[in-house]
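All remarks here apply to the structure that follows.
Worth knowing before you read on, the calculation uses all heavy atoms, side chains too, and leaves out hydrogens, waters and symmetry mates. Atoms within each ligand, like the ligands themselves, are counted from 1 in listed order. A quick note: this is a predicted structure, and the numbers were derived from the prediction, not measured.
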Amino acid sequence: GVNAYACTMTALERIPEIVQELREGFHSGVLRDVESRRVHLRALRELFVEQEDRLIDALVADVGKPRIEAYTTEIAFTINEIDHTLKHLDAWTKPTKVKVPLTFKPGSATLRPEPLGTVCIIAPWNYPVQLLFAPLVPALAAGNTAVLKPSEVTPSVSALIEELVPRYFSASTVAVVTGAVDETTALLEQRFDHIFYTGNGKVGRVVMRAAAEHLTPVTLELGGKSPAIVAGDANVEVAAKRIAWAKFLNAGQTCVAPDYVLVDERVEDALVTALADAVTTFYGADPRQSNDYARIVNERHHDRLMKLLEAGGYDATVIGGTGDRGSRYIAPTVLAGVKPDAAVMDDEIFGPILPILTVNDVDEAIRFVSDREKPLALYVFSSDDDTLEHVVSSTSAGGVTTNHAVLHLAVPDLPFGGVGESGMGSYHGKPGFDTFSHAKAVLNKPTRPDPALMYPPYSSVKQKILRKFL
Ligand code: NAD
């Protein structure tokens, strides 16, 4: 498919007005009570149910996603997040009681989640619907008004969202700003109460700098090179299928895709063969003919990926290695005997190229990972629980799935987010609600009794008592 629209752009002078309207909406209390938040979450659910076909059409046009993948990873994922939130909203919004030490009694202490105000959500192009709306769910649940900034790299999705959001939300609750660097820069000059950014670390730094100006807290959902470690005792057939599925889903344009594989040399050959088999089983002898395989988002990314292949630094192309710029197709590619200094090992690949590097054992894999920036995800395959535990406890990553890949991000109450270079903060489920709330500490004291003990003058008797009890 070819992008159906050129990217729409919000007029720069409109941006401060859009944000101002959301601020006024927040202060007028549009989302103050829990019931009004429910109404808005249901409206979002309705948007997804009623507009499913158009959303999927736009995703197909922009990223060539297989329809079923667009449905599961973007539509169903977001609806599940809404349903999970609606189910638990009463519990999450309730103040929680906290114990009061004897010396502060009588009195009662509670922790009260309160909304932050008006938040800004900036999304990238790879899951352009999910990554814009899944953060909106906790933002609304926590009582915030929000401006959404879809990616200019997916213009059909962007234009559709700009059209649809005003049909389901008032401009004082949820608004959309579209465009590229100029528009996002103007947007980031506005004052927000939270900025939630998903994308690359370079722009993450731009966002954090802009946020510092207003002392605005940020959540940065970034990427990185997420390793898959395959131990010598792993079930290689299953590991290969799961790694191939996770890697070639959305043609590798997934933030938690296994970026590269570190395999124990004893099972290297078996794994490489099993990966090639998995690719053929999934996508046929010519994946270009498959309806189940996505395309690269644009020519710039296509060129970037083909250059990585041309740069070498590996022994063999086990499968794939070819591309077609006109249709933005790159075959699912597995590279064997990859050197640590190969071009494919520099940055996050973010495409359908899977480098295989060999290690002597799991400890060498742990060292390899620990020598590099902290990844967003880490996967480890082994049939021994001790080995799994050893790898998980000796490495740092945003999240982990053992003996599978990607799936930890779909467990509703597991926080999803990075650490170090892969980001800060998290969301999904209750952790998402917490991200968009301030946990306000409230101590309620009765007016009586009112002992003179803590007031000056501090007589020696008072001092003795204070020293004894505090
Ligand atoms: P992108 O190019 O669409 O950029 C993301 C957003 O940043 C867009 O809305 C864009 O308009 C905005 N932007 C770009 N330049 C800007 C600038 N100079 N100032 C202000 N805003 C600017 O997407 P991308 O960054 O290429 O996304 C891919 C990256 O995102 C990968 O690194 C991937 O791993 C990461 N990612 C992370 C997650 C996660 O949940 N942690 C999910 C998906 C993608």
Side-chain angles (χ1 to χ4, degrees), residues 7-10 12 15 62-63 73-74 77-78 81 120-135 147-155 157-158 161-162 176-190 192 195-211 213 218-226 247 249-259 296-298 300-301 304-305 346-351 373-377 397-399 406 408-410 414-428 431-432 435:
C7 188
T8 57
M9 281 179 268
T10 304
L12 293 177
I15 291 174
D62 284 342
V63 201
T73 64
E74 308 235 32
F77 188 97
T78 311
E81 186 72 24
C120 174
I121 299 171
I122 303 175
W125 51 266
N126 60 330
Y127 291 85
V129 172
Q130 187 219 117
L131 295 172
L132 195 64
F133 289 103
V147 61
L148 305 176
K149 164 61 186 67
S151 175
E152 71 278 17
V153 180
T154 41
V157 171
S158 238
I161 288 170
E162 188 173 42
V176 178
V177 164
T178 59
V181 176
D182 289 349
E183 291 72 22
T184 319
T185 304
L187 185 62
L188 287 171
E189 279 165 13
Q190 308 306 306
F192 291 103
I195 301 173
F196 189 103
Y197 168 81
T198 305
N200 68 76
K202 211 175 118 248
V203 176
R205 286 166 168 81
V206 173
V207 169
M208 204 168 167
R209 238 174 259 134
E213 208 52 50
V218 293
T219 302
L220 301 179
E221 296 280 344
L222 311 177
K225 289 182 89 65
S226 299
K247 179 73 184 192
L249 173 77
N250 206 31
Q253 301 162 114
T254 302
C255 56
V256 288
D259 185 90
I296 305 305
V297 70
N298 57 29
R300 183 170 63 83
H301 281 283
R304 176 182 65 80
L305 291 161
D346 286 346
D347 298 318
E348 180 181 2
I349 296 169
F350 224 55
E373 298 293 355
K374 295 180 179 181
L376 181 59
V406 170
H408 61 283
L409 86 73
L414 272 183
F416 176 63
V419 57
E421 269 294 311
S422 55
M424 60 183 75
S426 63
Y427 70 128
H428 289 179
T435 286

Query raised in the report: Are side-chain heavy atoms of Y197 and V203 found at a separation under 4.5 Å?
Result: yes
Report summary line: Y197 heavy atoms within 4.0 Å reach ligand 1 at atoms 5 (C), 6 (C), 7 (O), 25 (O)
Query raised in the report: For Y127, is the nearest heavy atom under 4.0 Å from an atom of ligand 1?
Result: no
Query raised in the report: Among all protein non-hydrogen atoms, which one is nearest to atom 19 (N) of ligand 1, and what is the separation to 0.1 Å?
Result: V206 CG1, 3.7 Å
Report task. Around atom 20 (C) of ligand 1, find the nearest protein heavy atom and jot down its residue, atom name and distance. Result -> T184 CG2, 3.5 Å
Query raised in the report: Short list, please: which atoms of ligand 1 are under 4.0 Å from a heavy atom of F350?
Result: 28 (C), 31 (C), 33 (C), 34 (O)
Report task. Could you pull out the closest heavy-atom pair between E74 and V129, with the gap in Å? Result -> OE1-N, 2.9 Å
Query raised in the report: Roughly how far, to the nearest 0.5 Å, is the CG atom of N298 from the CZ atom of R304?
Result: 9.5 Å
Query raised in the report: Taking distance alone, with no angle check, do E152 and ligand 1 share an N/O pair under 3.5 Å?
Result: yes
**Report entry** L131 and ligand 1 - part of the residue with a heavy-atom distance under 4.0 Å
**Finding:** side chain
Query raised in the report: Is any side-chain heavy atom of Y127 less than 4.5 Å from a side-chain heavy atom of V63?
Result: no
Requested in this report: Quick one: sort the F416 and H428 rings into parallel, tilted or perpendicular, breaks at 30° and 60°.
Outcome: parallel
Query raised in the report: Is W125 in polar range of ligand 1, meaning some N or O pair under 3.5 Å apart?
Result: yes
Query raised in the report: Heavy-atom contacts under 4.0 Å between L222 and ligand 1: side chain, backbone, both, or neither?
Result: backbone
Query raised in the report: For S151, is at least one N or O under 3.5 Å away from an N or O on ligand 1?
Result: yes
Query raised in the report: Out of curiosity, L131 CG to C255 SG, how far, rounded to the nearest 0.5 Å?
Result: 6.5 Å
Query raised in the report: Looking at atom 12 (C) of ligand 1, what's its closest protein heavy atom, distance included?
Result: I122 CG2, 4.2 Å
Query - atom 14 (C) of ligand 1 [closest protein heavy-atom partner, distance rounded to 0.1 Å] - result: V203 CG2, 3.8 Å
Report summary line: Closest to atom 40 (O) of ligand 1 among protein heavy atoms sits F416 CE2, 3.1 Å
Query raised in the report: Do T8 and E162 meet the criterion of a side-chain donor-acceptor pair at a distance under 3.5 Å?
Result: yes
Query raised in the report: So which heavy atom in the protein is nearest atom 27 (O) of ligand 1, and how far is it from that ligand atom?
Result: P124 CB, 3.5 Å
Query raised in the report: Looking only at atom types and distance, does a side-chain atom of E183 sit under 3.5 Å from a main-chain N or O of M9, one as donor and one as acceptor?
Result: no
Query raised in the report: Do the side chain of D62 and the main chain of V153 share a donor and acceptor less than 3.5 angstrom apart?
Result: no
Requested in this report: Pick whichever of T154, T219, N126, N200 has a heavy atom sitting closest to atom 24 (P) of ligand 1.
Outcome: N200
Query raised in the report: Any idea which heavy atoms bring I161 and P128 closest together, and the distance?
Result: CD1-O, 4.4 Å
Query raised in the report: Which distance, rounded to the nearest 0.5 Å, do you find between the CG of L148 and the CG of L132?
Result: 4.5 Å
Query raised in the report: With a cut-off of 4.0 Å, which atoms of ligand 1 are near a heavy atom of G223?
Result: 34 (O)
Query raised in the report: Polar-atom distance check: Y427 versus ligand 1, any N or O pair below 3.5 Å?
Result: no
Query raised in the report: Rounded to the nearest 0.5 Å, what separation is found between the NZ atom of K149 and the OG1 atom of T198?
Result: 12.0 Å
Query - Minimum-distance protein heavy atom relative to atom 39 (C) of ligand 1 - result: C255 SG, 3.5 Å
Query raised in the report: Quick one: does A123 get a heavy atom under 4.0 Å from ligand 1?
Result: yes
Report summary line: Under 4.0 Å from one or more heavy atoms of T198, ligand 1 contributes atoms 5 (C), 37 (C), 38 (C), 39 (C), 40 (O), 42 (C), 43 (C)
Query raised in the report: When you measure from atom 35 (C) of ligand 1 to every protein heavy atom, which one gives the shortest distance, and what is it?
Result: G199 O, 3.4 Å
Query - Minimal non-hydrogen separation, V177 against T10, with atom names - result: CA-OG1, 3.4 Å
